Amino acid sequence: MSNIKITPLADRVIIKQSDAETTTTSGIIIPDTAQEKPQKGIVQSVGKGTKENPITLKVGDTVLYSKYGGTELQFQGEDFLIMRESDILAIINK
Amino acid sequence: MSNIKITPLADRVIIKQSDAETTTTSGIIIPDTAQEKPQKGIVQSVGKGTKENPITLKVGDTVLYSKYGGTELQFQGEDFLIMRESDILAIINK
Amino acid sequence: MSNIKITPLADRVIIKQSDAETTTTSGIIIPDTAQEKPQKGIVQSVGKGTKENPITLKVGDTVLYSKYGGTELQFQGEDFLIMRESDILAIINK
Amino acid sequence: MSNIKITPLADRVIIKQSDAETTTTSGIIIPDTAQEKPQKGIVQSVGKGTKENPITLKVGDTVLYSKYGGTELQFQGEDFLIMRESDILAIINK
Amino acid sequence: MSNIKITPLADRVIIKQSDAETTTTSGIIIPDTAQEKPQKGIVQSVGKGTKENPITLKVGDTVLYSKYGGTELQFQGEDFLIMRESDILAIINK
Amino acid sequence: MSNIKITPLADRVIIKQSDAETTTTSGIIIPDTAQEKPQKGIVQSVGKGTKENPITLKVGDTVLYSKYGGTELQFQGEDFLIMRESDILAIINK
Amino acid sequence: MSNIKITPLADRVIIKQSDAETTTTSGIIIPDTAQEKPQKGIVQSVGKGTKENPITLKVGDTVLYSKYGGTELQFQGEDFLIMRESDILAIINK
């Protein structure tokens with residue numbers, strides 16, 4: 001899951017968006033207005049942080065983030081998001 | 001009440017909005033212009049704070065906050081708000 | 001006067017606006033353009049302050065504040081204003 | 001001159017505007033375009049200052065200030081201006 | 001030259017604009033588009049500076065400043081400019 | 001690769017953009033909407049950094065950066081980009 | 001080259017723009033769209049710097065700077081630019 005060969009600079013992290021659950025258990029696709037809401041993803045790589053903004057996340061953390069907070073990144077055929085840790089809203093406890 | 005499995009990052013808190021009291025004791029629904037005013041909610045989860053912005057709220061605190069200060073969050077079928085503690089206006093004493 | 005059961009967060013204070021004196025001693029109501037000017041009120045509750053912005057006001061202080069500096073708050077049927085101490089202009093000496 | 005019973009908060013001062021000299025010695029009123037220029041006034045009351053912005057003015061100082069820098073204040077039938085010391089341009093030496 | 005009885009506050013200085021040289025030695029007046037460029041003036045009075053912005057100029061210094069950086073000031077029939085030292089671009093060596 | 005005779009000031013770096021891979025292995029040119037995405041380049045020269053913003057990149061590092069973050073620079077017939085290190089998103093591990 | 005009798009204030013430097021090379025070796029004048037790109041110039045005079053922004057350039061340094069970063073200055077019939085060192089992009093090694 002977390003073998004991406006990119007290291008973000010400073011207080012940035014790289015996120016792989018989890019698939020949005022747009023189908024119900026019965027398989028019906030529902031229009032997903034919830035996609036305007038925070039997205040769920042998994043941390044793939046973290047920067048070293050800065051004195052002002054240390055990094056607290058770890059690779060593998062499941063996080064919620066605003067869809068508008070990051071920059072899209074394509075690497076080896078996959079899509080990722082890179083954003084500052086301060087744009088991550090919360091971590092989902094395991 | 002406070003078993004939400006999400007931990008906000010930095011100086012953020014997660015709030016569950018209390019039901020607005022839009023019915024009088026006699027059960028009549030009144031148009032609620034007061035909903036423009038600060039909302040009441042209960043703190044569900046708090047971040048670790050930052051050096052600049054330590055967290056002073058605790059899970060279970062009843063707080064007043066501006067309706068426009070946070071980001072809506074849906075988790076396990078329930079609606080929450082996530083916002084920085086600095087967007088919380090006051091705590092209602094028990 | 002000051003038994004409001006709300007504690008503002010950080011460097012905020014809660015103010016109860018004093019009645020504007022819009023009638024003369026002879027009881028004639030005069031159009032009050034002065035209501036654009038700073039308002040008078042009494043401090044009901046104060047926050048704990050922050051390192052950057054300590055609180056210097058005390059409950060019971062009569063203060064002047066800009067009408068546009070705060071957020072309206074309704075609590076137990078009464079109207080209050082909550083604002084940062086930095087939005088209070090002056091204190092009226094007793 | 002300086003018995004106003006109001007104490008400004010923080011780094012604010014209260015100023016009483018001096019009468020603009022819009023009449024010549026011969027008593028002719030001249031149109032005063034100079035009123036766009038800095039105004040002259042006398043300090044009535046000063047705040048305690050803050051760590052960042054200590055107060056250096058004293059009650060009785062004659063100062064020049066920008067007409068647009070302060071908030072008008074009416075107290076006991078007289079007009080004053082309240083502004084931050086940083087909006088005062090200069091002091092006129094006695 | 002420098003007996004103006006005004007002391008600027010904080011990091012401000014008072015400048016007397018030098019006459020623009022808009023006539024050639026032969027006395028012909030030339031349109032002066034150069035008046036859009038920095039102006040030359042002489043420092044008349046300086047403030048005490050602040051911890052953040054100490055004053056480095058002295059009364060009598062000939063300086064270049066942007067025409068748009070200051071506030072015009074009329075004192076005892078003469079025109080001056082008052083501005084922050086940070087709006088002064090350079091000092092002309094004697 | 002890295003013999004450019006320019007040293008950026010402060011926390012800036014000079015980047016040589018890598019060729020965008022706009023042809024497939026079969027040689028077909030594909031319209032490259034991905035060029036809106038972060039660009040890949042190689043660090044040619046780095047500044048000395050500042051106390052606030054130390055430089056962490058080294059000459060020869062392959063980096064991802066936003067196309068809109070830098071200033072184009074032409075030197076000895078070649079095109080480069082100069083930008084602050086804070087505009088570099090990530091480093092690609094070797 | 002560097003006997004200009006002006007000392008910039010604070011973290012400013014004075015630059016003499018080098019002639020743009022708008023003619024080819026065969027003498028043909030080419031339209032110079034490259035003039036939108038950073039300009040080359042030589043440092044004529046430097047300020048003393050400030051605690052926040054010390055000066056690192058020396059008189060005689062050849063630098064690249066954005067054409068839009070400075071203020072034009074006419075002195076003794078010559079054109080110069082005055083700008084903050086932070087607006088200088090890079091130094092060309094000798």
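Given the structure is predicted, the values throughout are model-derived calculations rather than measurements. Chain A is the first sequence line, chain B the second, and so forth, proteins listed ahead of strands; every chain is numbered from 1.
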- prompt: With sequence neighbours excluded, what pairs up with E:Ser66 under the side-chain hydrogen bond (donor to acceptor under 3.5 Å, both in side chains) test?
  reply: none
- line: If one checks every heavy atom of D:Glu52 against chain E at 4.5 Å, the contacting part turns out to be neither
field: Residue that, paired with D:Leu64, satisfies side-chain contact (heavy atoms from CB on, under 4.5 Å) out of E:Ile82, E:Leu73, E:Thr71
entry: E:Leu73
Contacting moiety of E:Thr7, where chain D heavy atoms sit under 4.5 Å: both
- line: For E:Ile6 and D:Asn93 the tightest heavy-atom approach is N-ND2, 3.8 Å
- prompt: What pairs with E:Glu72 under side-chain contact (heavy atoms from CB on, under 4.5 Å), at least two apart in sequence or on another chain?
  reply: D:Lys37, E:Leu81
field: chain D-proximal positions within residues 8-15 of chain E [heavy-atom distance under 4.5 Å]
entry: E:Pro8, E:Leu9, E:Arg12
field: Set of side-chain contact (heavy atoms from CB on, under 4.5 Å) partners for E:Asp87, sequence neighbours left out
entry: E:Met83, E:Arg84
